[in-house]
Amino acid sequence: MNIVALFKLVPDLVEELEIDQNGTALNTDFLRLIINEFDDHAIEQAILLKERSGARVSVLGPDIEGADDVLYTAASKGADQVIKLTGDFQGKANNHAMARAVASTLKELQADLILTGVQANTDLDGSMGALLAEYLDMPYVGYVSGVNTVDGKVVARKEYPGGLVAEMEIKLPAVLGIQAAEQPPRYVAVSKVRQAMKTATIEERPLAEADLSGGSTIHRMFKPEAGTRAEMIEGSADEVAARLVGIFKEIGVL
Amino acid sequence: MPFRETFWNIPHWAEIGQYVLGLLTILVFAYGVFRRVKRWRMGKPEKRLDRIGERLWSVLVDAFGQVRTAQDAYAGIMHLTIFWGMVALFIGTALATVDWDVTHLFFGFQFLINGAYILYELILDIFGVLLLIGLGMAVYRRYFIRPSRLQSATAWQKALTQNFDRDDAYALVMLTLITLSGYFVEGLRIAVSKPEWAPWSPVGNALASWFIATGDPTNRTLHLTLWTIHILVAFVLIASIPFTKLFHILAAPLNIFFCTIQPAGTLIAARNDDQIGVKEWRDFSWKQLLDFEACVRCGRCQDNCPAFASGASLSPRNLIISLKTHLWDTSSGHKLHGDVISSKELWACTSCRACVQVCPVYVDHLASIIDMRRYLVNEGEVDALLQKTLANLGRYGNSFGQSERMRAKWTQPIQPVIKDARKEAVEYLWFVGDYASYHVMFSDITRKTAQVFQKADLNFGILYDAERNTGNDVRRVGEEGLFESLVEKNTAAMDKCKYNAIITTDPHSYNTLKNEYSANGNHRLVFHYTELLDQLIASGKLQFNRKLDYRVTYHDPCYLGRYNGIYDAPRRVIRALGCDLIEMPRHGDRAFCCGAGGGKIWMEEQPDVKERPAESRVREAAGMSGVSTLVTTCPKDLVMFRDAVKTAGLEEKILVKDLIELVHEAL
């Protein structure tokens with residue numbers, strides 16, 4: 001079975017976010033990127049499946065700063081193939097464009113099971129998995145927090161509000177949006193990652209031409225404006241009372 | 001002429017039989033030693049033959065002189081009398097044999113005659129008495145006082161205890177038998193031959209008076225019987241040395257000779273072969289295996305261990321005993337990790353080094369604990385909090401998971417602006433450290449440190465956002481790769497600066513910068529700020545306007561005290577401030593760890609902890625009469641103790657302050 005785990009890099013919220021001069025996107029000068037946490041779980045889930053029932057795991061992501069670290073870490077966890085997609089990722093690539101472009105690579109990889117994070121802080125709608133499924137003509141289940149393979153099918157656990165859990169059987173090939181792996185992503189010792197840097201090879205594949213149709217356009221990006229501050233009334237009880245009466249009269253309730 | 005016929009009343013066959021038995025004894029002994037050495041050699045190689053002179057000196061001081069053993073008075077006197085009593089009697093017996101069967105037999109002369117012989121008899125009688133006193137003390141201690149550190153704690157240990165109990169009793173019984181039978185043989189010989197110099201053997205002579213009435217030939221028969229018992233017990237005892245706890249007679253001096261001779265703060269790097277860390281016992285080095293074998297189960301490590309005192313599952317004594325037993329356990333199929341040593345034990349260690357410091361036979365518990373941790377880290381077996389912290393350290397270079405751009409935020413209000421050591425040459429490069437840079441509790445104190453430096457006209461600068469965690473505790477957690485990468489980053493940043501010496505706020509940073517970064521070619525002087533303040537005060541560059549009349553007590557941080565031997569400098573600074581310094585019972589090299597070191601501050605608290613080390617420590621400080629302030633010189637201590645003061649409800653009784661706060665106040 002071929003499992004492909006997809007990841008993207010999102011702004012690390014440790015740094016303060018700044019908006020660029022046009023006011024429609026983040027200022028990338030100070031942006032530090034980190035693996036989308038849900039994608040990290042998707043990779044972990046792929047490795048867990050491989051360890052449990054055997055599979056070939058490929059990990060796939062965009063060729064931007066930080067991707068090598070993610071890929072070498074994945075290799076040291078046990079990924080068989082680590083791939084970065086080369087191309088222009090600056091700004092214009094929306095989820096529709098990305099999904100269409102990645103879909104063709106996934107077809108080449110003959111993926112049976114595609115795991116991706118159910119959402120990201122740059123994609124709170126969580127549309128990536130669903131779009132991929134659409135372009136690949138595969139079933140999609142999101143908010144998955146555990147997967148098992150049974151006779152060429154998978155059984156996914158999905159959590160519902162109120163502490164309910166559903167198990168559903170899905171025919172392969174399929175796309176799953178992972179909310180959490182069965183166990184938190186493991187720690188990989190630095191020496192192991194360094195070892196992987198020597199032994200693993202990151203494959204580069206060109207990303208198909210971006211077709212931007214279908215994506216949304218941001219007109220304005222801004223930080224929430226602070227509301228009017230509360231006014232503290234100080235002084236003796238009589239003074240405070242007098243000021244209160246004044247305010248009530250000003251706003252017309254008295 | 002006073003002399004002794006060594007084999008008086010001993011038939012020729014018995015004398016010959018003695019030599020045959022002696023030869024057999026040597027063979028069994030040699031086989032036993034060979035068997036042990038062969039096992040040690042199954043460990044990984046390690047070079048331990050540098051600086052022979054220092055090694056021999058350690059053997060002289062602590063194997064023959066037993067200085068460390070004597071630090072515990074009762075056990076020290078007990079052990080020294082047994083040891084020197086046995087040594088003297090063994091030499092005495094050997095001399096008598098040589099005198100009779102070598103020099104007399106082959107060369108026709110004896111040296112144990114006249115005055116020399118009388119002195120010989122007297123000395124041996126006295127040493128015999130000392131030996132019996134020591135044995136009596138040992139029996140009283142082991143079976144009547146029953147110190148807790150000699151008992152076994154865990155169920156698995158208790159299963160082994162039966163063997164240990166037998167082993168302990170065996171040594172005492174055999175030594176007592178040898179001594180008593182020796183005295184009786186002497187007494188019977190005197191009773192029969194009645195030499196005029198008999199009073200020079202006071203004990204033998206006193207015993208003889210019991211037997212004179214019995215008369216011959218009963219006494220001669222008794223003498224021969226007891227002589228035979230004496231000889232048999234002695235040979236059995238010697239032959240059994242490599243098979244019982246008595247093996248420490250050999251293993252302890254060997255272990256002391258092969259000890260880690262580098263500074264205490266230099267951890268042995270992870271062995272870089274196919275297996276990272278220790279997975280199975282054969283992954284330990286031969287010296288670590290020797291460590292386990294040299295252990296005499298005295299339990300001093302356990303008595304001084306903060307993890308054990310807090311109720312955590314670690315006892316350094318039990319750990320070493322378990323490893324020693326596992327080394328020879330070929331049949332049970334127990335796995336080192338899980339069956340023999342639990343990860344809970346390994347993670348309970350605070351790396352405070354109290355165990356290593358007190359071990360009379362120089363066992364290095366820490367080296368083995370960290371080697372086993374290295375394996376766990378490499379397998380990803382770390383708790384969630386530690387995992388997050390290690391990830392933060394890898395990504396951001398600090399344990400707080402904050403941006404490096406925030407590292408020097410504390411400097412903002414300081415005027416004049418602190419020099420950027422990357423941009424201009426400075427005399428002192430101040431390595432501030434994570435806690436002093438990022439922790440909310442500490443930023444004010446760090447500013448005060450800067451102001452004190454400025455007041456003393458120190459030409460200093462910092463690395464600003466290029467500084468990273470030094471990795472001292474990362475290394476002791478067992479994350480060697482991350483440590484190396486932090487060293488590389490810090491070294492690269494420091495190499496770009498022009499400076500003469502490094503000052504640190506944090507003893508942990510101090511330790512690794514001083515003792516471990518030198519492996520990366522950094523040979524600059526490193527000072528802890530207390531050492532520098534001490535120098536500045538002595539040279540008059542730092543003068544105080546106010547005299548502080550507080551009554552304070554001082555906590556020695558592990559990485560300043562035990563690891564680097566800095567006990568006096570901070571105390572001199574405290575006294576220079578005018579403070580009245582009262583010592584806690586646990587001070588100097590016996591200072592009780594706050595519980596933060598070795599990465600413990602980054603781990604989840606274990607549920608089995610009854611009293612956290614920091615709480616035990618602040619209670620100790622608060623219990624000192626009239627003491628208002630607990631002074632420390634380590635940012636982690638301050639954070640731990642201030643927290644402990646709150647949880648222990650001692651806020652009214654004691655304040656926790658960094659020394660620099662007092663210095664700042666006195667300016």
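Chain identifiers are assigned alphabetically (A, B, ...) following the order of the sequence lines, protein sequences preceding nucleic acid strands; residue numbering begins at 1 within each chain.
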Open item on the list: If you apply the rule side chain to side chain contact (heavy atoms under 4.5 Å, CB included), what do you find for V14(A) with M406(B), and how did you get there?
Closed with: CA-CA 10 Å; V14(A) 155; M406(B) 304 298 278; over 6 Å; no
Task: Among the listed options L386(B), V382(B), N378(B), the residue most often paired with chain A at heavy-atom distances under 4.5 Å - done: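 Max contact count across the listed options: N378(B).
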Open item on the list: If we ignore hydrogens and angles and just use 3.5 Å, is the side chain of Q387(B) paired with the main-chain N or O of V188(A) as donor and acceptor?
Closed with: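 Answer holds: no.
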Task: Minimum side-chain heavy-atom gap R186(A)-E379(B) below 4.5 Å - done: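 They are not in contact (no side-chain heavy atoms under 4.5 Å apart), so the answer is no.
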Open item on the list: Measuring only between side-chain heavy atoms, which start at C-beta, is V190(A) closer than 4.5 Å to E480(B)?
Closed with: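 No, too far: nothing below the 4.5 Å cut-off.
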If you count every heavy atom of other residues, nucleotides or ligands that lies below 6.0 Å from [X] atom [atom1], does the total exceed 12?
X: K223(A); atom1: NZ; value: yes
X: Q21(A); atom1: CD; value: no
X: K158(A); atom1: NZ; value: yes
X: R157(A); atom1: CZ; value: no
X: K50(A); atom1: NZ; value: yes

- [ ] Could you look at R374(B) and say if it's the side chain, the backbone, both or neither that has a heavy atom under 4.5 Å from chain A?
- [x]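 It is neither, since no heavy atom gets under 4.5 Å.
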Task: Under 4.5 Å from a heavy atom of chain A, the part of Y396(B) involved - done: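 Both parts, backbone and side chain.
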Task: R32(A) CZ to S403(B) OG distance, which is reported to the nearest 0.5 Å - done: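 The CZ atom of R32(A) sits 5.5 Å away from the OG atom of S403(B).
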Open item on the list: Tell me the closest heavy-atom pair linking S485(B) and R194(A), and the distance in Å.
Closed with: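 Nearest heavy atoms, S485(B) then R194(A): CB-NH2, 3.0 Å.
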Open item on the list: Which heavy atom of R395(B) sits nearest to which heavy atom of L33(A), and what is that distance?
Closed with: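 In terms of heavy atoms, the two residues are closest at NH2-O, 2.5 Å.
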TODO: Go through E479(B) and Y187(A) one step at a time and tell me if the side chain to side chain contact (heavy atoms under 4.5 Å, CB included) criterion holds.
DONE: CA-CA 11 Å; E479(B) 207 346 344; Y187(A) 182 70; 2.7 Å; yes
